[in-house]
Amino acid sequence: MTQKVIIFDFDGTIADTVDALVSIANRLAEKFGYIPITQEELALLRNLSSREIIKYSGISILKIPFLVKKVKSELKSKIKELKPISGIKETLVVLNNNGYRLGIITSNSQDNVTDFLKVNDLDNLFDFVYSGVTIFGKTTIINNVLKQKQIKPQEVIYVGDETRDIEASKKANIKVIAVTWGFNSQEVLAKQNPDFLIHEPYELLEVIKGLSPDN
């Protein structure tokens, strides 16, 4: 069966939020007990898995939900300044026009995502936006969305920029496209063996077309 539902991660996949998130994280470093990220360290972090980043930072696991909540709150004031990843809007329009059902699963807030989509004229392209706070439990969120929306796993492909996106998709038994324009580097994403690894948004169209039973 061809994939008819495409679920996207938000930060780093659709929205170019990496620099803004790093800036906010650095301002909160002292409060939450971790070392601010230099540009040199950012390059290092891009080559680490999500679990390795948590270990490297030294932040307590117990503090992470509070940190995520604070980051989302501070990002709200910047959301109207943020831009989509270059080329992603055009790709989303084509997918929507071709009848694909598009959705978003994110740890960012519903309000932030909704505001971003409206400002950038993307809100009419998505069938659903699901916000859930999770560090390593993204599989549960994916499964909940599939159940709520009555979507079969074989109908779905997930698009994300982090190792945890690949890990969660595999556990949920859905195909995954890893993108190299977000947070994690090409090298660390490739180690997780995603179904597809792409470097430009237009490549999404080629991958989805290749999954059609006519090809």
Side-chain angles (χ1 to χ4, degrees), residues 7-85 103-117 119 129-145 158-172 176 178-185 188-189 191-192:
I7 300 177
F8 291 83
D9 176 54
F10 178 71
D11 292 293
T13 302
I14 292 175
D16 188 2
T17 57
V18 173
D19 288 344
L21 290 172
V22 169
S23 175
I24 293 170
N26 281 346
R27 287 204 306 273
L28 298 174
E30 183 176 355
K31 179 177 181 180
F32 285 90
Y34 57 88
I35 300 171
I37 305 164
T38 65
Q39 284 301 310
E40 291 76 15
E41 283 180 309
L42 181 58
L44 170 65
L45 294 177
R46 288 181 185 272
N47 284 294
L48 299 180
S49 70
S50 301
R51 294 177 187 276
E52 290 170 337
I53 290 170
I54 297 298
K55 185 177 180 179
Y56 178 88
S57 73
I59 187 172
S60 166
I61 292 291
L62 299 176
K63 291 183 179 181
I64 291 176
F66 302 99
L67 173 62
V68 171
K69 183 177 180 180
K70 184 64 174 175
V71 168
K72 289 190 293 187
S73 175
E74 294 212 7
L75 188 63
K76 187 172 182 63
S77 64
K78 295 178 173 288
I79 206 72
K80 293 182 179 179
E81 304 169 17
L82 302 176
K83 299 298 181 185
I85 295 295
I104 292 173
I105 291 179
T106 179
S107 55
N108 210 319
S109 73
Q110 188 95 16
D111 286 346
N112 283 351
V113 176
T114 300
D115 288 348
F116 176 87
L117 294 178
V119 167
V129 175
Y130 192 99
S131 173
V133 177
T134 175
I135 303 304
F136 303 119
K138 205 165 191 176
T139 304
T140 300
I141 292 179
I142 291 173
N143 287 333
N144 286 343
V145 170
Y158 195 93
V159 184
D161 69 310
E162 295 182 67
T163 60
R164 66 190 184 117
D165 296 320
I166 302 172
E167 181 181 335
S169 298
K170 287 187 173 184
K171 288 181 178 178
V176 58
V179 305
T180 62
W181 58 75
F183 182 75
N184 274 139
S185 70
V188 73
L189 291 171
K191 288 179 182 178
Q192 297 294 322

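Only a predicted model underlies this, so the values are computations on that prediction, with no experimental measurement involved. Computed from heavy atoms alone, side chains included, the values below leave out hydrogens, waters and symmetry copies. Residue numbers run from 1 in the order of the sequence given.
- Put simply, CG on Asp19 and CG on Leu82 are 10.0 Å apart, with the number rounded to the nearest 0.5 Å.
- With rounding to the nearest 0.5 Å, the separation of NZ in Lys70 from NZ in Lys63 is 14.5 Å.
- Judged purely by atom type and a 3.5 angstrom limit, Arg46 uses its side chain to pair as donor or acceptor with the backbone of Gly182.
- Using modelled atom types, one side-chain atom of Lys170 and one backbone atom of Gln192 make a donor-acceptor pair closer than 3.5 Å.
- Formation of a donor-acceptor pair under 3.5 Å by the Ser131 side chain with backbone atoms of Asn108 is found in this model.
- The line from NZ of Lys72 to CG of Asp11 is 10.0 Å long, rounded to the nearest 0.5 Å.
- Here the side chains of Thr114 and Asp111 are not in contact, with every heavy-atom distance at 4.5 Å or above.
- Checking side-chain atoms of Thr17 against main-chain N and O of Ala20 turns up no donor-acceptor pair under 3.5 Å.
- Side-chain contact between Phe32 and Ile64: absent, with no pair of heavy atoms (C-beta onward) separated by less than 4.5 Å.
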**OP:** Decide yes or no on side-chain contact (heavy atoms from CB on, under 4.5 Å) for Leu117 and Ile104, but give the supporting numbers first.
**Re:** CA-CA 11 Å; Leu117 294 178; Ile104 292 173; 4.1 Å; yes

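- Lys138 pairs in a side-chain hydrogen bond (donor to acceptor under 3.5 Å, both in side chains) with only one of the listed residues (Thr106, Asn143, Asp165), which is Asp165.
- Under the side chain to side chain contact (heavy atoms under 4.5 Å, CB included) criterion, Ala178 pairs with Ile166, Leu189, Pro194, Leu197, not counting sequence neighbours.
- The distance from the NZ atom of Lys55 to the OG atom of Ser49 is 10.0 Å, given to the nearest 0.5 Å.
- For the pair Leu75/Leu21, a side-chain contact is recorded, criterion being any heavy-atom separation below 4.5 Å from C-beta on.
- Under the 4.5 Å side-chain criterion, counting only non-hydrogen atoms from C-beta, Asp16 is not in contact with Trp181.
- Taking 4.0 Å as the cut-off between side-chain N and carboxylate O, Lys80 and Asp115 do not count as a salt-bridged pair.
- At distances below 3.5 Å, at least one donor-acceptor pair connects side-chain atoms of Asp161 with backbone N or O atoms of Phe183.
- When all heavy atoms are compared, the tightest approach of Thr139 to Ala172 is CG2-N, 3.8 Å.
- Here the straight-line distance linking atom OG of Ser169 with atom CG of Asp9 works out to 9.5 Å at 0.5 Å rounding.
- A donor-acceptor distance shorter than 3.5 angstrom exists from the side chain of Asn184 to the backbone of Leu48, with no hydrogens or angles considered.
- By the 4.5 Å heavy-atom criterion applied to side chains, Ile14 and Val113 are not counted as neighbours.
- Phe116 meets the ring-ring contact (aromatic ring centres under 6.0 Å, His included) test with Phe10; sequence neighbours excluded.
- Asn47 and Val188 get closest at one heavy-atom pair: O-CG2, 3.6 Å.
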Original post:
Which is it for Leu28 and Glu74 under the side-chain contact (heavy atoms from CB on, under 4.5 Å) test, yes or no, and what are the steps along the way?
Top reply: CA-CA 10 Å; Leu28 298 174; Glu74 294 212 7; 3.6 Å; yes

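- No side-chain heavy atom of Glu162 sits under 4.5 Å from any side-chain heavy atom of Ile53.
- Around atom CD1 of Ile35, no more than 12 heavy atoms belonging to other residues, nucleotides or ligands sit under 6.0 Å away.
- Nearest heavy-atom pair across Glu41 and Pro36 is OE1-O, 3.1 Å.
- For Tyr130 (side chain) and Gly103 (main-chain N/O), no donor-acceptor pair under 3.5 Å exists by modelled atom type.
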Original post:
Run the side-chain contact (heavy atoms from CB on, under 4.5 Å) check on Val119 and Ile79 step by step: do they pass?
Top reply: CA-CA 9 Å; Val119 167; Ile79 206 72; 6.0 Å; no

